[in-house]
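What follows is a single structure, written as structure tokens, with notes after it.
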Amino acid sequence: MQKKITGSEALMRALQNEGVETIFGYPGGSIMPVYDALYDYTRGEKKAFDHILVRHEQGATHAAEGYARVTGRVGVALVTSGPGATNTLTGVADAMLDSTPIVVIAGQVPIGALGTDAFQEVDLVGVAQPISKWSYQIRHAEDIAWAVSRAFYIARSGRPGPVVLDFPKNAQTEMVEFIPQHVDFVRSYVAYPDLDGEAVARAAALINQAQKPMALVGQGVELGNAQQELREFLEKADIPAGRTMLGLSALPSNHPLNVGMLGMHGNYAPNLKEQECDVLIAIGMRFSDRVTGNVKTYAKQAKVIHLDIDRSEIDKNVKADVAVVADCKVSLPALTALVDKGDHKAWRDSFLPLAEKERQKVIEPAIHPKEGPLLMGEVVNAVAEAAPDDAILVTDVGQNQLFATRYFKYHHQRSICTSGGLGTMGYGMPAAIGATFGAPDRTVCCFMGDGGFQMCIEELGTIMEQQAPVKMILMNNHYLGNVRQWQDMFWQRRKSFTKMMNPCYELIARGYGIPYEAVTDRAKLKDAVGKMLAAEGPYIMECAILEDDDVMPMTPPGMSVSDMMLEIQV
């Protein structure tokens, strides 16, 4: 007979069995038995985990997301009950919309106290269910091994996503014989649909007949680790490819078939050419409204082929003529085998005048201005030009995100962490912390605006304690910039509560012991960037940005992608 252990130690062993190495967390009363067990598993002979003490539970989930995005592994957050648990919900929703595999483990009052409005009791399973892949309450210690294995299987398999485990205190202290479990099957959950060969053949036939094919590359390629399979498909069929924001590093920036970023603030050529292509091949993307614009006018001339692992995405926003429901790691090679060797040079060349028009009207003025205050585009470009090829871009949300994703350079897979579907301000700094632990040998560049920086400013404490080498680029325009731009464009310039009075960031950096430099003169920008990147630990570079710097091009909300504007029309 095995020696019995507490449920808390059983959790430690279950996490070990799942290969967990890093945990982002914040202790509290209802999770204290677990933290007591964790003490022995972070030091000495039992050492199995690094525990990163965040300063806010939302930060724990975003850090877990950043870790998951750069590694492809499941990120783990550990918190207490009540507000500790509810503080994670923004991160859970963010992970759900962006298909990020994380497991949140939250303490709970003992099951005998459930329903009594006990101190820090909340129905976490009920609250989390609509925004997670699975939420479950571990009511007894004997269920721990099974529940943890099932949670990790669900989080990482198929279309990844967040799982929430509610862990009542009685289950943490009960004694149990720990028997490892391995869950790789869940009834009614088909993680990897079987490939339909007939659908692949029909898709190949459409592609072989196409004169103007175009691929839309989403994050599904990254999630399926199918970057090489994507390139082989595109190169054989000679198909130009646009990338969604979350799919930007699925195809290198300098690949000859890469024609730019899709979406509201993406590149001009791929957005307009969506309205001209005759076959549209969507690969691991969900036809977000930020990509399609007005869906009633989107790509009506094209036959649509949709490759996705999640059947629920098929026909949800854009009707597919052919759907290939499978892991793109499997479907892309099958499709490549059936497509003809293509030659679409004339079609590809037709993107070039539009790209040149954008370069002259938007890109050059944004990254090489001749006078005036600093612009966000030139700051991003300066960092991108100096950063190592394998650098990871992390952004907060707003104009900083849109400029950063447009002008950063992507050479390696899993090189971008940004909040796409939920658009979570405050995501950037904690996600960057997670990225440094997931990819300690890569440079992590985190772009933030003054609004988002202050939404997660407490995580400077985590960076200070861990000396996490996050290169923080604070682009300060004293505005909630994206909202201000919309107010200027669509609300008669009525800047309602978007102007911000900001603190002295130099004093804040000094308080946390983090090196800091302010840049107000573009003549000093290059040297400041070099100094930041050369620093061994964390660094804050604050850049004074033109207050009314606008992100262009732009498809106005509710309009067709055909209406994309290169400049603001007064």
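A quick note: this is a predicted structure, and the numbers were derived from the prediction, not measured.
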- Query: Can you list the steps and then say if Tyr35 with Ser8 is a side chain to side chain donor-acceptor pair (under 3.5 Å)?
  - Reply: CA-CA 8 Å; Tyr35 267 87; Ser8 295; over 6 Å; no
Could you report the tightest heavy-atom contact between [X] and [Y], atom names first, then the distance?
X      : Y      : value
Ala435 : Val394 : CB-CG2, 4.4 Å
Ala320 : Asp315 : N-OD1, 2.8 Å
Cys445 : Val383 : SG-CG1, 3.9 Å
Thr395 : Ala404 : CG2-CB, 3.9 Å

Would you say [X]'s side chain and [Y]'s backbone share a donor-acceptor pair under 3.5 angstrom?
X      : Y      : result
Arg442 : Asp390 : yes
Asp396 : Gly428 : yes
Gln108 : Val122 : yes
Arg13  : Phe178 : no
Lys471 : Gly537 : yes
Gln172 : Ser30  : yes
Arg55  : Gly461 : yes
His306 : Met285 : yes
Arg414 : Val70  : no
Ser81  : Gln120 : yes

Can [X] and [Y] be counted as having a side-chain donor-acceptor contact under 3.5 angstrom?
X      : Y      : result
Tyr427 : Thr90  : no
Asp450 : Gln454 : no
Glu465 : Thr462 : no
Gln401 : Thr418 : yes
Glu547 : Asn477 : no
Gln399 : Asn482 : no
Thr22  : Asp50  : no
Glu222 : Ser249 : yes
Ser99  : Gln219 : no
Asp289 : Asn317 : no
Thr100 : Asp98  : no
Tyr153 : His182 : no

Roughly how far, to the nearest 0.5 Å, is the [atom2] atom of [Y] from the [atom1] atom of [X]?
X      : Y      : atom1 : atom2 : answer
Thr71  : Glu21  : OG1   : CD    : 9.5 Å
Phe49  : Thr42  : CZ    : OG1   : 9.5 Å
Thr61  : Glu57  : OG1   : CD    : 9.5 Å
Ile540 : Leu460 : CD1   : CG    : 5.0 Å
Asn400 : Cys543 : CG    : SG    : 12.0 Å
Ile144 : Leu11  : CD1   : CG    : 6.5 Å

My understanding is that only residues two or more places apart in sequence, or in another chain, count here; which of them pass salt bridge (Lys or Arg N to Asp or Glu O under 4.0 Å) with [X]?
X      : result
Lys296 : none
Arg290 : none
Arg311 : none

- Give every residue pair that meets the salt bridge (charged side-chain N to carboxylate O under 4.0 Å, His left out) criterion with at least one member in residues 113-125, sequence neighbours excluded.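 Qualifying pairs, neighbours excluded: none.
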- Message: By the salt bridge (charged side-chain N to carboxylate O under 4.0 Å, His left out) test, which pairs, at least two apart or in different chains, include something from residues 127-154?
- Response: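 Every pair satisfying salt bridge (charged side-chain N to carboxylate O under 4.0 Å, His left out) with a residue in residues 127-154: there are none.
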Lys/Arg N to Asp/Glu carboxylate O, [X] vs [Y], below 4.0 Å:
X      : Y      : answer
Asp488 : Lys495 : yes
Arg156 : Glu18  : yes
Lys3   : Glu177 : no
Glu174 : Lys169 : no

- Item | Arg73/Tyr67 under side chain to side chain contact (heavy atoms under 4.5 Å, CB included): CA gap, chis, key distance, verdict | CA-CA 8 Å; Arg73 301 172 65 185; Tyr67 179 91; 3.5 Å; yes
- Message: If you apply the rule side chain to side chain donor-acceptor pair (under 3.5 Å), what do you find for Thr498 with Gln487, and how did you get there?
- Response: CA-CA 9 Å; Thr498 46; Gln487 287 172 336; 2.9 Å; yes
- Is the Tyr539-Tyr516 ring centre distance short of 6.0 angstrom?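 Here the rings of Tyr516 and Tyr539 have centres that are no less than 6.0 Å from each other.
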- Proximity of His51 and Phe24 rings by center, below 6.0 Å: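 For His51 and Phe24, the ring centres are not under 6.0 Å apart.
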- Those residues that, when tested against Tyr136, pass ring pair (Phe, Tyr, Trp, His ring centres under 6.0 Å) (two or more places apart):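 Partners of Tyr136 by the ring pair (Phe, Tyr, Trp, His ring centres under 6.0 Å) criterion, ordered by chain and then number, come out as Trp134, Trp146.
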- Can you establish whether the number of heavy atoms outside Arg43 located under 6.0 Å from its atom CZ is more than 12?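 Counting other residues, nucleotides and ligands, CZ of Arg43 exceeds 12 neighbours.
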